[in-house]
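Quick notes on the structure that follows.
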Amino acid sequence: TVEWQKKFQRPELSISVNLSGKQFKKGELVEEIREILFETGLHPHYLKIEITETIVMENTVAAIEMLKQLKDIGVQISIDDFGTGYSSLTYLQRFPYDTIKIDRSFVSRMMQERESLGIVETITALAVKLDKTVVAEGIEKMEHQKLLTEVGCGYGQGYLFSKPVDSMSADQLIKID
């Protein structure tokens, strides 16, 4: 990421990293992330850690503490696959996070099912009210993007934009952008 920031003169480029439950439970995770940031020279603000709400719900007290430590060093936190776990609104108030990522299962069905569209609209409105960023996952059709824009979801990811790519292909995508 640091190399791309310099090469393309795009200091705002960030990288998102999904953490597994096993990684998240490691006691030395925060220290490992600090070391990686130091070694790479990446400013913490441009590292986005993604965790599922299910992982967070397994041990909420420890999760809140870990997330606070990550936020204290400046790392961004995303709640991934939102809507598929067992979270409550109370935890949304208590967890330190920056972004809610709407699970692809709702996005893929929102054109056919009013309930899925309602969930997408509600999560988007909730994120806006909580002053959080909202990202829709699994956008595969222009119709999805148009509808998401209409309901106020300004960010998305999915095959409509790009399939997963290696670093050389990412280099080309950044150059085009």
Side-chain angles (χ1 to χ4, degrees), residues 1-24 29 32-56 67 70-71 73-85 96-112 116-117 119-121 123-124 127-128 130-177:
T1 303
V2 174
E3 290 177 25
W4 285 328
Q5 289 173 333
K6 291 176 184 174
K7 181 177 181 178
F8 297 108
Q9 298 169 357
R10 302 274 306 269
E12 78 284 1
L13 288 177
S14 62
I15 187 162
S16 296
V17 177
N18 286 28
L19 288 184
S20 69
K22 185 177 180 180
Q23 290 170 309
F24 191 71
L29 177 66
E32 286 179 9
I33 290 174
R34 276 192 182 120
E35 288 175 21
I36 291 167
L37 290 169
F38 178 76
E39 290 171 13
T40 61
L42 181 67
H43 188 283
H45 180 76
Y46 299 110
L47 174 61
K48 297 180 181 184
I49 299 293
E50 296 187 7
I51 55 167
T52 64
E53 59 182 302
T54 306
I55 291 171
V56 172
L67 294 174
L70 290 169
K71 291 292 296 165
I73 62 174
V75 172
Q76 302 289 303
I77 306 293
S78 296
I79 299 177
D80 199 13
D81 301 334
F82 187 79
T84 61
Y97 63 97
D98 304 285
T99 303
I100 295 174
K101 296 184 76 179
I102 303 170
D103 187 69
R104 70 179 56 253
S105 63
F106 301 116
V107 173
S108 67
R109 294 190 314 251
M110 68 183 181
M111 303 294 285
Q112 298 86 5
S116 290
L117 177 57
I119 289 170
V120 169
E121 288 176 313
I123 293 170
T124 301
V128 169
L130 294 173
D131 198 28
K132 306 297 181 186
T133 302
V134 62
V135 176
E137 298 179 305
I139 302 173
E140 296 184 5
K141 301 176 182 175
M142 286 297 293
E143 295 82 15
H144 291 155
Q145 181 184 9
K146 184 175 187 264
L147 190 53
L148 288 161
T149 301
E150 288 173 10
V151 301
C153 182
Y155 296 96
Q157 69 182 61
Y159 286 171
L160 177 65
F161 308 110
S162 176
K163 293 185 176 176
V165 296
D166 61 23
S167 62
M168 288 183 66
S169 298
D171 195 89
Q172 293 302 311
L173 284 173
I174 296 168
K175 187 185 299 185
I176 292 169
D177 188 34

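As the structure is a prediction and not an experimental result, all values here were calculated from the model.
Two residues are said to be in side-chain contact when any heavy atoms from C-beta on lie closer than 4.5 Å; Leu160 and Gln145 meet this criterion. You'll find the side chain of Ile15 reaches within 4.5 Å of the side chain of Leu47, heavy atoms only. Taking 4.5 Å as the limit, some side-chain heavy atom of Lys7 sits within range of a side-chain heavy atom of Asp171. Looking only at side-chain heavy atoms (C-beta outward), Pro164 and Tyr159 come within less than 4.5 Å of each other. Taking the side chain as every heavy atom from C-beta outward, Tyr97 and Leu130 approach each other to under 4.5 Å. Taking the side chain as every heavy atom from C-beta outward, Glu143 and Lys146 never approach each other to under 4.5 Å. Using a 4.5 Å heavy-atom threshold, the side chains of Leu37 and Val75 count as touching.
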Practice task
Tell me, with the steps shown, if Asp98 and Lys71 meet side chain to side chain contact (heavy atoms under 4.5 Å, CB included).
Solution key: CA-CA 9 Å; Asp98 304 285; Lys71 291 292 296 165; 2.6 Å; yes
Practice task
Go through the steps to decide whether Leu147 and Val120 satisfy the test side chain to side chain contact (heavy atoms under 4.5 Å, CB included), and finish with yes or no.
Solution key: CA-CA 10 Å; Leu147 190 53; Val120 169; over 6 Å; no
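In terms of heavy-atom proximity, Val135 sits nearest to Gln157 at CG1-OE1, 4.2 Å. Residue Val165 comes nearest to Leu173 through the heavy atom pair CG2-CD1, 4.1 Å, listed as atom of the first residue, atom of the second, then distance. Here the shortest heavy-atom pairing between Cys153 and Val134 reads SG-O, 3.9 Å. The minimum heavy-atom distance between Asp81 and Glu137, with the atom names listed, is OD1-OE1, 3.1 Å. Minimum interatomic distance between Lys48 and Ser14 (heavy atoms only, all atoms of both residues): CE-OG, 3.4 Å. In terms of heavy atoms, Phe106 sits closest to Phe82 at CE1-O, 3.7 Å.
Residues Ser105 and Asp103 bring a donor and an acceptor atom of their side chains to less than 3.5 Å of each other.
In Asp166, the CG atom is crowded: over 12 heavy atoms of neighbouring residues, nucleotides or ligands sit closer than 6.0 Å. Within a 6.0 Å radius of CD in Gln9, no more than 12 heavy atoms belonging to other residues, nucleotides or ligands are found. The local environment of CZ in Phe161 is crowded, with over 12 non-hydrogen atoms from other residues, nucleotides or ligands closer than 6.0 Å.
In this structure, Gln5 contributes its side chain and Leu13 its backbone to a donor-acceptor pair below 3.5 Å.
Here the OH atom belonging to Tyr46 is positioned 11.5 Å from the OG1 atom belonging to Thr1, to the nearest 0.5 angstrom. One finds the CZ atom of Phe8 at 10.5 Å from the CD atom of Glu3 (value rounded to the nearest 0.5 Å). Here the straight-line distance linking atom CD of Glu140 with atom CZ of Arg104 works out to 7.0 Å at 0.5 Å rounding. Between the CD atom of Glu50 and the CD atom of Gln76 there is a distance of 11.5 Å, given to the nearest 0.5 Å. Considering CZ of Phe24 and CD1 of Ile51, their distance stands at 4.0 Å, rounded to 0.5 Å. Rounding to the nearest 0.5 Å gives a distance of 11.0 Å between OG of Ser169 and CD1 of Ile174.
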